[in-house]
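One structure is given below, encoded as structure tokens.
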Amino acid sequence: MNNHVTIGRLAREAGLAAETLRYYERIGLIRPVQRTQSNYRLYDGEAEARLRFIRRAQNLGFSLSEIKELLDISHQPESDMAAVKALAERKIGDIDRKIADLRRMRDALAQQAERCPGHGPVEHCPILAALADADGDLPSRNKWEPADSLQVR
């Protein structure tokens with residue numbers, strides 16, 4: 001994109017809805033370089049580059065607020081890369097916690113599937129029984145507990 005483009009064209013080229021771009025603008029991720037006399041937003045190549053950055057960062061699990069922080073840091077040449085590394089390491093920790101939670105869920109479900117003979121009336125299904133039993137042996141957590149507290153009994 002060498003010339004300025006409208007939000008509709010930028011959205012199409014980025015594979016996003018125009019409303020998504022308007023939202024990104026409201027939260028400070030992108031901004032138009034100018035507006036036409038009829039008040040249409042016009043974007044340049046910088047907006048396209050920022051959208052690619054946003055998509056890549058989202059694919060790595062960064063939230064929009066974290067992405068905004070990364071973009072802000074990247075546009076301050078005097079910033080130290082320690083801040084970027086700290087954000088990345090924090091995200092790695094988040095991912096590790098999610099992986100641990102998924103493993104616990106998988107193990108608990110596999111344990112229930114192992115108990116199920118896979119035939120017969122559903123009233124004797126150990127999987128359904130465990131799901132229905134609040135005191136059953138599936139991992140659970142109170143909505144106020146951190147995800148790390150999820151334990152398989």
Side-chain angles (χ1 to χ4, degrees), residues 1-115 127 130-153:
M1 271 190 320
N2 294 333
N3 299 325
H4 296 157
V5 296
T6 63
I7 194 168
R9 181 166 172 203
L10 180 62
R12 276 190 307 279
E13 290 178 7
L16 297 168
E19 188 54 41
T20 300
L21 297 185
R22 286 185 199 96
Y23 177 70
Y24 287 177
E25 184 182 336
R26 280 193 304 275
I27 64 173
L29 290 175
I30 64 168
R31 62 179 175 268
V33 289
Q34 69 184 65
R35 288 188 179 253
T36 65
Q37 285 183 337
S38 47
N39 210 28
Y40 287 109
R41 296 167 174 87
L42 294 177
Y43 297 89
D44 62 2
E46 171 71 15
E48 182 182 29
R50 287 175 78 92
L51 288 174
R52 278 194 309 273
F53 184 100
I54 292 165
R55 173 136 325 151
R56 289 178 187 138
Q58 285 178 317
N59 287 339
L60 291 174
F62 287 101
S63 67
L64 290 178
S65 63
E66 292 166 331
I67 293 168
K68 182 168 183 350
E69 195 173 342
L70 288 167
L71 283 167
D72 290 346
I73 292 168
S74 74
H75 284 85
Q76 297 171 1
E78 71 283 353
S79 293
D80 186 39
M81 67 178 79
V84 177
K85 183 173 182 172
L87 267 169
E89 288 175 339
R90 205 166 52 232
K91 184 52 60 185
I92 291 167
D94 291 347
I95 292 167
D96 286 343
R97 282 186 289 285
K98 287 177 185 177
I99 289 169
D101 283 348
L102 288 169
R103 283 189 179 131
R104 284 190 286 274
M105 290 186 294
R106 188 222 173 274
D107 291 347
L109 188 55
Q111 188 177 54
Q112 293 303 319
E114 228 175 80
R115 292 170 136 175
I127 299 169
L131 291 171
D133 182 7
D135 296 325
D137 55 359
L138 288 178
S140 63
R141 70 180 154 107
N142 181 304
K143 68 179 180 178
W144 307 114
E145 291 179 83
D148 302 18
S149 68
L150 189 63
Q151 298 293 322
V152 176
R153 296 182 216 159

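Here, residue 1 is the first one in the sequence, and each next residue gets the next number. Treat the numbers as computed from the prediction; the structure is a model and nothing was measured.
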Test item: Leu51 and Ile54 side chains (from C-beta on) under 4.5 Å apart, heavy atoms: yes
Counting only pairs under 3.5 Å, give me each side-chain donor-acceptor contact of residues 21-29, with atom names and distances, residues two or more places apart or in other chains.
residue, atom, partner, partner atom, Å
Arg22, NH1, Glu19, OE1, 3.3
Glu25, OE1, Arg41, NE, 2.6
Glu25, OE1, Tyr43, OH, 3.0

By side-chain hydrogen bond (donor to acceptor under 3.5 Å, both in side chains) - contacts of Thr20 (at least two apart): none
Evaluation steps, side chain to side chain contact (heavy atoms under 4.5 Å, CB included), between Glu46 and Ile30: CA-CA 9 Å; Glu46 171 71 15; Ile30 64 168; over 6 Å; no
Inter-residue atom distance Ile99.CD1 - Ile92.CD1, 0.5 Å rounding: 10.5 Å
Residues Met81, Lys85; criterion side chain to side chain contact (heavy atoms under 4.5 Å, CB included); working and verdict: CA-CA 6 Å; Met81 67 178 79; Lys85 183 173 182 172; over 6 Å; no
Partners passing side chain to side chain contact (heavy atoms under 4.5 Å, CB included) against Gln37 (at least two apart in sequence or in another chain): none
Audit row: Asp107, Gln111, side chain to side chain contact (heavy atoms under 4.5 Å, CB included) steps and yes/no: CA-CA 6 Å; Asp107 291 347; Gln111 188 177 54; over 6 Å; no
For Arg52, salt bridge (Lys or Arg N to Asp or Glu O under 4.0 Å) partners two or more places apart: Glu48
Any side-chain heavy-atom pair of Ile127 and Arg115 under 4.5 Å: no
All side chain to side chain contact (heavy atoms under 4.5 Å, CB included) counterparts of Ser38, not counting sequence neighbours: Thr36, Tyr40
For the student: nearest non-hydrogen atoms of Arg90 and Arg97, plus distance: O-NH2, 4.4 Å
Nearest heavy-atom neighbours spanning Ala57 and Ile67: CB-CG1, 3.5 Å
Non-neighbouring partners of Lys91 that pass salt bridge (Lys or Arg N to Asp or Glu O under 4.0 Å), sequence neighbours left out: Glu66, Asp94
Those residues that, when tested against Arg106, pass side chain to side chain contact (heavy atoms under 4.5 Å, CB included) (two or more places apart): Ala110
Distance, nearest 0.5 Å, that separates CG of Asp44 from CZ of Arg31: 9.5 Å
Pair listing, salt bridge (charged side-chain N to carboxylate O under 4.0 Å, His left out) test, anchored in residues 69-83, at least two apart: Lys68-Asp72
Evaluation steps, side chain to side chain contact (heavy atoms under 4.5 Å, CB included), between Arg55 and Leu16: CA-CA 10 Å; Arg55 173 136 325 151; Leu16 297 168; 3.1 Å; yes
From Leu70 atom CG to Phe62 atom CZ, the distance as rounded to the nearest 0.5 Å: 5.5 Å
Test: Asp101 and Arg104 ion pair at under 4.0 Å: yes
side-chain hydrogen bond (donor to acceptor under 3.5 Å, both in side chains) partners of Gln76, counting only residues at least two apart: Ser79
Minimum side-chain heavy-atom gap Arg56-Leu60 below 4.5 Å: no
From CD (Glu89) to CG (Leu87), nearest 0.5 Å: 10.0 Å
Student check: side-chain heavy atoms of Leu42 and Val5 closer than 4.5 Å: no
Exercise: identify the closest heavy-atom pair between Ala11 and Ala17: CB-C, 4.0 Å
